[in-house]
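As the structure lists them, so they are numbered: ligands from 1, and atoms in each ligand from 1.
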Amino acid sequence: MIEVLSIASEVYPLVKTGGLADVAGALPKALAPLGVAMRTLLPGYPVVMSKLSDRTAVASFADLFGGAARLLAARVEGLDLLVIDAPHLYDRPGGPYAGPDGADWPDNWQRFAALSFVAYEIGRGLLPDYRPQILHAHDWQAGLVPAYVAFNAPTRVKTIQTVHNLAFQGRFGWEVFPELRLDYRAADEGAIEFYGGISFLKAGLQCADALTTVSPTYAQEIRTEAYGMGLQGLLQSRADVLHGITNGIDVHEWNPGDDAALPDHYSATTTMLRAGNKQAVAHEFGLDGTDGPLFAVVSRLTWQKGMDMLAHCIDDLVSRGGRLAVLGSGEIALENGFKAAAIRHPGKVGIVTKYDERLSHLVQGGADVMVIPSRFEPCGLTQLYGLRYGCVPLVSRVGGLADTVIDANEAAVEAGVATGIVFAPATQEALGEAIRRTFALYGREKVWRKMQRRGMKSDVSWEASAEKYADLYSNLIGQKRDDDQDD
Ligand code: ADP
């Protein structure tokens, strides 16, 4: 067995704000059959603590960044968890990163330095009966893990830093450095300094033994000025250890054949049964019918996701006989833009601004088109759910979207390999054109059904990707995987 500790600030089904949680929750299960035992370390936010029915304290800290703390071991829904119970850091209302008012907690640097520090301590033998061989750090919240390993007391544990989104870098003022419990050599050697301040993500990218990101195209893009967000130079210099591994999805959690959120279940050969689900979506979003294509969004409403471009295309979309259901929240100006469109086009445009896991499944199971016009997209999960549910993805050709959707150009339609509509560049004009193309394809019923079927048959499971992670782990520690040993 290869022992890996995954360190993540959110893990589905305990706490989720985005794709990171889905990945952190799915990976351990996908890796188990491949000879990898993965435990997951996460902060004990109130929502997490409330789900730990059977827990054991396995370590304690007299002073973990300003207060006493305990490390709890628990199993929840098949996940083997280590949870940091540190009330002074995590016991508060709001989300994982921000208070109820939406503002980031001012002590986030401490909250996530603590997460990373505990991981480091586990990596160097804090627990008598558990010593991981690899610490796998996710995003900036765990970015200090590789730095503690590289600069504090030496330990033989290996580290991997995964980037789920380079836009979130964990940047703080230089004045917090002395409080991080990180050896001063990290400062001397420029491992954590970024434009005069500190970046947790940069520290991870600089110090980890291996780097991964969540699609091959994004792994290329982030080495360029256009997508590198200031870190392209560092990423170029580490290109030999940077791997792009496309995310999968949990195909049991997301299965149109038995999804409890859907009134009607269906398969690739019975997509006509989606009609009842479409009606249910129309009902939930206050739409007045189900004729014509139903476009949908399940997303954070942000500039990254290209939602401003979509808002500008709504009038045209409605004038052509389409409807739009938006499930998402985010930037107030964008929320207001969609709300205004719903008022302008009653019965044709609906928006629900809450976070609702059930509704997100229903939308995938009933809408015709999942619109994802991102300006950049590390991997994206909603197009994968769309493929699995026959909700045809309409995506910009960036990052993981480019890697997972095959455009319905005439050649691809002819060859029967198309799975969606892909456009470039990520501009409003190109999106408008792609929407018009979607109407034309939707009008060709046979072509449309074939595209749905093809999408539903694409492999979006974790299997292939989990193999790649397992190979990376085994190469890193020079140990064969158990399941390889008979080869
Ligand atoms: P990101 O992580 O950048 O937000 P992803 O596409 O990788 O984007 O993952 C987004 C995840 O969050 C998906 O699982 C999607 O279904 C979910 N999601 C986004 N907004 C909502 C919402 N309002 N309600 C329910 N689920 C949502």
Under 3.5 Å, N/O to N/O: give me all the pairs between ligand 1 and the protein, one per line with atom names and distance.
from	atom 1	to	atom 2	distance (Å)
ligand 1	2 (O)	Gly19	N	2.7
ligand 1	3 (O)	Arg300	NH2	2.8
ligand 1	3 (O)	Lys305	NZ	3.0
ligand 1	4 (O)	Arg300	NE	2.8
ligand 1	6 (O)	Leu381	N	2.9
ligand 1	8 (O)	Lys305	NZ	3.0
ligand 1	9 (O)	Gly19	N	3.3
ligand 1	14 (O)	Lys16	NZ	2.9
ligand 1	14 (O)	Asp22	OD2	2.8
ligand 1	23 (N)	Lys354	O	3.1
ligand 1	24 (N)	Asp356	N	3.0

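Ring pair Trp448/Tyr442 is perpendicular by interplanar angle, where above 60° counts as perpendicular and below 30° as parallel. Between Phe439 and Phe295, the two ring planes are tilted [angle within 30° to 60°].
The side-chain contact (heavy atoms from CB on, under 4.5 Å) check on Ser299 picks up Val297, Lys305, Met307, with sequence neighbours excluded.
Residue pairs meeting the side-chain hydrogen bond (donor to acceptor under 3.5 Å, both in side chains) criterion with at least one partner in residues 450-465, sequence neighbours excluded, are Asp459-Ser461.
Atoms CG and CG, from Leu14 and Leu52 in turn, are 7.0 Å apart once rounded to the nearest 0.5 Å.
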Below 3.5 Å, can you tabulate the donor-acceptor pairs from side chains in residues 420-434 to any protein atom, sequence neighbours excluded?
from	atom 1	to	atom 2	distance (Å)
Thr427	OG1	Ala430	N	3.2

